[in-house]
Amino acid sequence: MQPLPEMLKTHSRSALETLYNEHPQLNDWSDELKQQLSQVVSLSDFIYDALQTDSELVEQLPKMLIQASRIDGYRYRLSDLLKLCASEQEGHKVLRQFRSREMVYIAWRDMVGSWSLEQSLNHLSMLAEAMIVETYQWQYQTCCQEWGTPTNAAGEPQPMLIIGMGKLGGGELNFSSDIDLIFTYPENGETQGARRSIANAQFFTRLGQRLIKALDQQTFDGFCYRVDMRLRPFGESGPLVMSYAALEDYYQEQGRDWERYAMIKARVMGREMYPEYQELRKMLRPFVFRRYIDFSAIQSLRRMKAMISSEVRRRGLWSNIKLGPGGIREVEFIAQVFQLIRGGREPSLRRRGLLETLEAIGSLQLLDANEVTQLTEAYKFLRRQENILQAINDKQTQTLPDKDVDQLRLACALGFDDWESMLEVTQQHMLNVHQVFANLIGDEEDEEETQTVAKHFSELWDMAHKPDVLEHILQNDIKAAEPEQKRQQISDFKSDLAKKTLGPRGREVLNRLMPKVFSTIYANKDAEFGLPRVLHVLRAVVTRTTYLELLDEHPAALIQLVRLCTASPMISEKLARYPILLDELLDPAHLYHPVALDSYKTELRDYLARIPEEDMEQQMEALRQFKQTCILRIAAADIAGVLPVMKVSDHLTYLAEAIVEAVINQAWLQVSSKYGEPTHLKERGSKGFAVIGYGKVGGWELGYNSDLDIVFTHDCPNNVYTDGHKEIDARQFYLRLAQRIIHIFSTRTASGILYEVDTRLRPSGVSGLLVSPTDAFDEYQHKEAWTWEHQALVRARVIYGDSALQQAFEQTRVDILCKEREEKQLKQQVVDMREKMRSHLGGKKQGRFMLKQDAGGITDIEFLAQYLVLQFSHQKPKLTRWSDNVRIFESMMAQGVMDETQAMVLTNAYTAIRNEIHHRNLLNLDADVDENKFVSERQVVIDAWQQWMTLES
């Protein structure tokens with residue numbers, strides 16, 4: 001404890017003398033308690049007054065203060081006391097005495113600093129909740145006796161649920177706070193069991209009035225809490241109590257932004273008593289937390305802050321630690337910004353408590369770690385200061401005192417030697433908070449344009465309905481290419497808006513945003529491509545004001561949008577189809593750096609860990625969002641030249657492997673929860689299941705739009721069953737697992753499908769088993785597979801599976817590839833298959849070189865590599881090591897099958913043509929070019945084909 005300054009000692013002496021005279025039993029207190037008593041009565045008139053008037057408290061307090069926590073006893077002790085009350089007046093007296101005594105305990109612990117801020121706030125909140133709930137229970141029974149029990153149509157009793165708002169809901173109530181409540185009940189109906197029935201609405205209104213009176217009314221013993229019901233729907237003019245249905249209708253149709261903020265902390269008091277609570281929670285959540293990134297929060301919070309700032313100026317509240325610049329309210333606003341913007345996608349941001357929300361903001365790296373630390377420390381300091389300030393006289397104040405004695409009390413209780421030292425620390429904390437607040441939310445004045453957009457870009461939007469003026473601006477002021485075409489694109493976009501429901505806020509944001517959009521587009525040298533693509537994205541999101549606000553609030557995001565759309569129509573299509581990806585544009589440093597290759601699985605596991613395992617719909621949606629986000633980042637890095645084509649394919653392949661693993665885990669959870677797991681796995685620690693990747697995924701060569709060619713295998717013996725309540729044959733289990741995997745991949749959600757999956761390369765094709773036992777797979781490859789199926793094995797590898805299954809597949813693959821083959825027959829079969837593929841997939845365009853199928857193209861190179869592996873691996877088994885073409889040619893060179901010059905020119909031709917296909921994918925163009933391109937590369941391939949594949953007559 002801090003030694004008392006002389007001024008407070010003098011004050012303490014006279015107060016103690018009075019107490020010892022009135023309560024001689026104080027002499028029996030321990031020396032430590034007496035010392036604490038000397039301190040607390042000098043610091044708090046509230047404690048002094050309570051002890052002076054309540055001799056029973058003097059008797060009870062030593063036993064109370066021994067307890068580290070009193071929360072667990074609040075409810076049952078108050079319930080027992082209320083049961084003994086014969087009248088409403090007696091009940092009111094019990095409630096007020098109970099609250100006063102428990103508040104003395106809390107104030108005492110605060111004043112001597114014997115617990116943490118969190119413990120203090122928790123006791124204050126749980127005390128209020130206990131008083132609300134037990135008063136409700138007491139009055140509910142009384143009301144049922146008078147008017148009957150409220151019931152629904154099925155005759156089931158109906159409770160009234162009390163929603164605690166603000167700091168009460170967040171479990172962070174301050175010492176002399178109002179309590180903000182909303183009353184609701186599940187269903188309409190009538191009371192039963194009384195002479196005359198009344199409607200449930202009438203019953204609960206009367207009950208609510210009695211509850212407020214019991215807590216709020218001033219009596220001889222004081223009052224418990226000021227009850228504020230103004231946060232209910234329609235405010236003071238609305239009904240006191242509403243049914244769930246009425247509540248839902250209100251929030252869906254008329255709920256305002258400030259009501260969303262209030263609902264963040266909403267918590268049903270005593271919710272463990274009500275199974276109906278979950279239904280209410282599910283109903284309110286979509287109103288509070290939008291599924292998309294919601295940037296409307298910044299603008300609305302800015303307006304609310306401006307109103308508060310205006311009030312601060314008008315009333316001169318600069319020394320108010322709650323409302324002043326950098327005060328408690330600004331910390332709350334900062335936390336709410338992230339909760340409202342991202343809470344729909346980040347479950348960790350949906351918590352009610354401010355400190356745990358700041359912790360989540362830090363974990364998600366939404367603010368710098370130093371900023372989170374500063375906010376946390378400032379909040380804890382200011383809230384403790386607020387509590388002590390209010391505990392001095394049990395008065396609701398957040399203004400620092402101007403009386404010398406109260407200034408000294410506050411400083412001393414906080415552990416400072418003097419007022420000036422405490423004031424300096426307070427001001428530093430508030431300065432730290434306000435700096436973060438200003439950077440994040442800004443001031444109302446910031447709504448004015450911080451940068452002047454050139455006049456003609458504003459006119460371009462304002463005059464979009466006047467074709468001649470618009471064309472003149474484009475041609476003469478902006479010097480745009482093809483001004484007539486651009487004029488048409490802008491006019492069409494603006495006329496389309498007339499058919500959409502934007503609302504006043506949407507139109508306001510759009511009018512601010514569009515000049516910035518035009519300015520950013522025409523700052524790019526390829527504006528002729530950027531304009532229609534960016535307008536295409538805006539057309540898709542224009543009715544969702546939050547996305548417009550994202551681009552308006554974040555110039556960097558708008559710049560990235562224009563840059564990426566100008567470079568790639570594929571990206572503009574993706575952003576238009578999945579607007580949730582716009583969030584990725586906020587951080588360019590993050591955007592242009594894809595996940596590290598070895599981190600995709602970890603990142604995806606962490607991403608999915610935020611969603612309950614059993615919520616399959618959200619899990620499937622999250623998988624798709626993760627994929628779309630990663631692909632956007634890979635494409636952005638690709639466009640920026642950060643990733644060469646080979647690395648792009650590596651990233652796309654590692655991403656696919658991570659998703660395959662996650663899909664299998666989801667499917668396994670679903671199937672095993674129904675049937676149990678195959679019993680042969682008990683000592684194994686794995687799933688006994690593998691996925692073999694063929695083609696592009698097998699060769700680490702996936703493109704942006706590639707399918708997955710996969711085959712499923714297992715090594716489950718015959719006559720094994722699952723161990724679930726509903727047991728089935730284990731091989732049937734693996735079949736259902738594979739079916740579930742395909743379902744998860746192919747189901748279309750709001751974010752599309754995961755991948756097109758092709759399983760036709762399995763033994764016997766579409767007529768074969770969906771999942772092959774490893775021994776059956778091996779036997780098929782040795783006895784029945786066609787040469788083209790052996791070609792496919794060249795570009796195959798296990799992309800999921802334990803070591804036993806990997807070894808089994810690898811053994812089969814090596815055995816097959818190393819078989820000695822008759823050269824002429826093999827060559828004939830490969831050439832025949834190549835011609836068959838060319839005729840089947842052909843469709844020659846006049847004057848164009850088809851990059852994949854024409855002579856000298858990609859497929860010729862792939863077939864050549866496959867032929868050479870099949871022909872020479874029996875002599876040189878090391879040729880079987882790799883499944884990608886580049887390393888296959890490196891192996892050919894290393895093993896002496898092909899000379900270095902030819903291997904290098906074939907590799908260069910392959911990578912050059914692949915690069916072209918890849919970038920044409922980004923531009924949404926077909927895989928063909930002018931026939932005058934890649935002439936030397938094609939000739940190299942044709943020469944090699946003739947050398948190795950010519951059939952002797």
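What you are looking at is a predicted structure, and each value in this text was computed from that prediction instead of being measured.
Remark: W945 CH2 to I861 CD1 distance equals 11.0 Å, nearest 0.5 Å. The line from CZ of R740 to CD of Q666 is 10.0 Å long, rounded to the nearest 0.5 Å. If you take CH2 on W788 and CD on Q866, they are separated by 11.5 Å, rounding to the nearest 0.5 Å. Distance check, rounded to the nearest 0.5 Å: CH2 of W948 to CE of M898 gives 5.5 Å.
For F889 and W882, the distance between ring centers is not under 6.0 angstrom. Ring centers of H918 and Y704: under 6.0 Å apart, within the cut-off.
Closest approach of R684 to A804, counting heavy atoms only: NH2-CB, 4.0 Å. Pairing each heavy atom of M949 with each of V830, the nearest pair is CE-CG1, 3.6 Å. Nearest heavy-atom pair across E916 and V929 is OE2-CG1, 3.7 Å. Taking all atoms of both residues into account, the shortest heavy-atom contact from A667 to I744 is N-CD1, 3.8 Å. A pairwise comparison of heavy atoms in R731 and P773 identifies NH1-CG, 3.4 Å as the closest pair.
Remark: the Q853 side chain and the R834 side chain contain an N/O donor-acceptor pair separated by less than 3.5 Å. Under 3.5 Å, the side chains of D615 and Q619 contain no donor-acceptor pair of N or O atoms. Using modelled atom types and a 3.5 Å distance limit, the side chains of Y694 and R797 yield no donor-acceptor pair. Using modelled atom types and a 3.5 Å distance limit, the side chains of H790 and R821 yield a donor-acceptor pair. Between the side chains of E621 and T749, at least one donor-acceptor pair of N or O atoms lies under 3.5 Å.
Here D854 does not pair with R848 in a salt bridge; the nearest charged N to carboxylate O distance is not below 4.0 Å. Salt bridge R795/D884: absent, no basic N to carboxylate O contact under 4.0 Å. Looking at K827 and D832, no side-chain N of the basic residue comes within less than 4.0 Å of a carboxylate O on the acidic one, giving no salt bridge. Look at K682 and E677 and you find no salt bridge, because none of the NZ, NE, NH1 or NH2 atoms lies under 4.0 Å from a carboxylate O. Using a cutoff of 4.0 Å between basic side-chain nitrogens and carboxylate oxygens, R605 and E661 are scored as salt-bridged. With respect to E890 and R887, no salt bridge is recorded, no charged nitrogen being found less than 4.0 Å from a carboxylate O. A salt bridge is defined here as a Lys NZ or Arg NE, NH1 or NH2 lying under 4.0 Å from an Asp or Glu carboxylate O, and D758 with R760 meets this definition. Ion pairing between a basic and an acidic side chain is recognised when a charged N comes within 4.0 Å of a carboxylate O; R838 and E835 show such pairing. Looking at E862 and R914, no side-chain N of the basic residue comes within less than 4.0 Å of a carboxylate O on the acidic one, giving no salt bridge.
Listed for the D778 side chain is no donor-acceptor partner under 3.5 Å among the backbone atoms of T774. For S568 (side chain) and L923 (main-chain N/O), no donor-acceptor pair under 3.5 Å exists by modelled atom type. The backbone N or O of D928 sits less than 3.5 Å from a side-chain atom of R920, completing a donor-acceptor pair. Looking only at distances, no side-chain donor or acceptor of T907 sits under 3.5 Å from a matching main-chain atom of V886.
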Criterion side-chain hydrogen bond (donor to acceptor under 3.5 Å, both in side chains) on E573 and Y578, from CA distance to verdict
CA-CA 8 Å; E573 289 289 342; Y578 312 118; over 6 Å; no
Could you walk me through whether V869 and M892 satisfy the side chain to side chain contact (heavy atoms under 4.5 Å, CB included) test, starting with their C-alpha distance in whole Å, then the side-chain angles of each, then the deciding distance to 0.1 Å, before giving a yes or no?
CA-CA 8 Å; V869 170; M892 294 290 168; 3.7 Å; yes
As a quick check of understanding, evaluate side-chain hydrogen bond (donor to acceptor under 3.5 Å, both in side chains) for R736 and Y675, giving each step before the final call.
CA-CA 10 Å; R736 295 189 181 182; Y675 302 110; 2.3 Å; yes
For a side chain to side chain contact (heavy atoms under 4.5 Å, CB included) check, start with the C-alpha distance between L870 and L793, then their side-chain angles and the critical distance, and finish with the verdict.
CA-CA 10 Å; L870 292 177; L793 275 180; over 6 Å; no
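With sequence neighbours excluded, no residue forms a side chain to side chain donor-acceptor pair (under 3.5 Å) with R881. Scanning for side chain to side chain donor-acceptor pair (under 3.5 Å) contacts around Y607 gives Q625, with sequence neighbours left out. Under the side chain to side chain contact (heavy atoms under 4.5 Å, CB included) criterion, K878 pairs with Q895, not counting sequence neighbours.
The aromatic rings of F809 and F777 lie tilted to each other, with the angle between the two planes from 30° to 60°.
Heavy atoms of other residues, nucleotides or ligands lying less than 6.0 angstrom from NZ of K601 number more than 12. Within a 6.0 Å radius of CD in E756, no more than 12 heavy atoms belonging to other residues, nucleotides or ligands are found. Counting non-hydrogen atoms of other residues, nucleotides and ligands closer than 6.0 Å to CD of E822 gives a total above 12. Atom NZ of K876 is surrounded by more than 12 heavy atoms from other residues, nucleotides or ligands within 6.0 Å. Annotation: Q947, atom CD; neighbour count of heavy atoms from other residues, nucleotides and ligands within 6.0 Å is above 12.
Figure legend: K687 and Y734 shown without cation-pi pairing, the cationic atom not lying both under 6.0 angstrom from the six-membered ring centre and within 45 degrees of its axis. With a 6.0 Å cutoff to the six-membered ring centre and a 45° limit on the axis angle, R938 counts as a cation-pi contact of F849.
The side-chain heavy atoms of L702 and S649, taken from C-beta on, include no pair separated by under 4.5 Å.
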